[in-house]
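Everything on this sheet refers to the single structure shown next.
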Amino acid sequence: MCCNGIIVIFALLVGFGAIVYLLYQVYSYIRCGCGKYGPFVSTYGKIKEDMLNEAREVLKNAKHPLKVTDLGCGSGALLIPLAKEFPEHEFIGLEWDAVPLTMGKIKGAGLKNLKFVQGDYMKTSHADMDLIMCYVLKVTGEPLGKKLAEEIKPDCVVISEMFPLGHLEEVKQIQSSIYGVPEKVFVYRKPHHPEHPKKHPPLKKKAPHHPTGAPMPKPAPKKHPKPKV
């Protein structure tokens, strides 16, 4: 009887937690503009390791401290391990949802090179960033890509989890997965637009000059002899 009571209480707690989570997801969906921004889903599995490894390559090869941001950082699944591993770099998490943002602040407490900011990444300038990671929905990928293409530095690297971004120059795609489900990681840079070569007007031929500097006389027209009758 006692065991049955514990099982019932446990089942009630699980059910209550599921209801709370469902209500939270509904609230998040409405709060973020009905799907404009991604809900809080922590990065995990192989795709998390691929995202971290790609960011590590950039950070390890850096010749000076970099500014790194995660757009839609959630609770800091990517930023916290990187901030611990690379204390010389600065990390900023940008998240619209206060719930995962608070979780990230708690988990990342004590890391002086990491801060979490609540805000809209479409209304925030990223011009001073050296490395940008992001998790966005398909509907946001196009406008965010356009925004980044216009404002990021030429050497800034952008790593997108799962969703492609428009307008940026794709460096590579990494085949990844989330517990066996195929997914991709996209790596971008600022697009390079080569300038069209200027077309110069054809040079006018100058009249030949005498060695003394005077213009050469025009040759007299040739006189053809009149035909004999």
Side-chain angles (χ1 to χ4, degrees), residues 32 36-44 47-97 100-101 104 108 111 113-174 176 183-193:
C32 72
K36 183 179 179 181
Y37 300 110
F40 168 47
V41 180
S42 183
T43 302
Y44 55 88
I47 199 167
K48 177 181 179 179
E49 289 306 311
D50 288 335
M51 290 285 293
L52 289 173
N53 289 336
E54 198 62 31
R56 286 186 183 112
E57 285 300 312
V58 177
L59 297 171
K60 284 190 297 186
N61 295 323
K63 297 180 180 179
H64 58 84
L66 303 184
K67 292 190 70 173
V68 184
T69 186
D70 186 358
L71 310 182
C73 66
S75 59
L78 297 176
L79 288 180
I80 291 175
L82 290 175
K84 291 179 178 178
E85 189 174 346
F86 299 95
E88 70 274 21
H89 299 296
E90 180 184 355
F91 298 87
I92 302 170
L94 191 61
E95 173 63 47
W96 69 269
D97 193 339
L101 197 71
L111 293 172
N113 62 332
L114 170 63
K115 67 177 180 180
F116 290 92
V117 179
Q118 185 173 8
D120 185 344
Y121 53 70
M122 290 300 298
K123 298 178 181 179
T124 305
S125 174
H126 312 294
D128 60 340
M129 293 298 162
D130 301 293
L131 173 61
I132 298 174
M133 299 179 291
C134 61
Y135 173 78
V136 299
L137 299 181
K138 188 175 182 180
V139 67
T140 320
E142 184 73 13
L144 177 61
K146 183 178 181 180
K147 173 180 171 61
L148 295 179
E150 293 173 350
E151 67 185 26
I152 63 173
K153 298 186 288 188
D155 56 348
C156 178
V157 178
V158 180
I159 308 173
S160 178
E161 179 183 344
M162 290 176 58
F163 297 99
L165 304 178
H167 303 277
L168 293 166
E169 181 180 328
E170 185 178 293
V171 177
K172 60 180 173 178
Q173 292 184 18
I174 301 169
S176 188
E183 293 293 352
K184 291 181 180 180
V185 171
F186 301 88
V187 183
Y188 297 97
R189 284 190 180 273
K190 189 179 183 71
H192 176 64
H193 300 291

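For this chain, numbers begin at 1 and follow the sequence in order. Excluded from the calculations below are hydrogen atoms, water molecules and symmetry mates; all remaining heavy atoms, backbone and side chain alike, are included. Because the structure is a prediction, the values reported are computed rather than measured.
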Nearest 0.5 angstrom please: [X] [atom1] to [Y] [atom2], how far?
X	Y	atom1	atom2	result
Ser160	Leu165	OG	CG	4.0 Å
Glu161	Asp50	CD	CG	10.0 Å
Asp130	Ile132	CG	CD1	9.0 Å
Phe163	Thr140	CZ	OG1	9.0 Å
Ile92	Leu71	CD1	CG	10.5 Å
Cys134	Phe186	SG	CZ	10.5 Å

For [X] against [Y], the heavy-atom pair lying closest together:
X	Y	value
Cys156	Leu131	SG-N, 4.2 Å
Gln118	Trp96	NE2-O, 3.0 Å
Leu52	Pro81	CD2-CG, 4.1 Å
Leu168	Gly145	CG-O, 3.9 Å
Ala83	Leu114	CB-CB, 4.1 Å
Lys48	Ala77	CE-O, 3.4 Å

Donor-acceptor check, side chain of [X] to backbone of [Y], threshold 3.5 angstrom: yes or no?
X	Y	answer
Asn113	His89	yes
Lys190	Ile152	yes
Lys147	Lys123	no
Glu183	Ser176	no
Glu151	His126	yes

Crowding at NZ, Lys115 (>12 non-hydrogen neighbours, <6.0 Å)
no
Considering residues, nucleotides and ligands other than Lys84, do more than 12 of their heavy atoms fall under 6.0 Å from its NZ?
no
Checking side chain to side chain contact (heavy atoms under 4.5 Å, CB included) for the pair Arg189/Val157: CA distance, chi angles, key distance, verdict?
CA-CA 5 Å; Arg189 284 190 180 273; Val157 178; 3.7 Å; yes
4.5 Å side-chain heavy-atom contact, Leu144 and Tyr121
yes
Checking Met129 against Lys153 for the side chain to side chain contact (heavy atoms under 4.5 Å, CB included) test, could you report, in this order, the C-alpha distance in whole Å, the side-chain angles of both residues, the deciding distance, and whether it holds?
CA-CA 7 Å; Met129 293 298 162; Lys153 298 186 288 188; over 6 Å; no
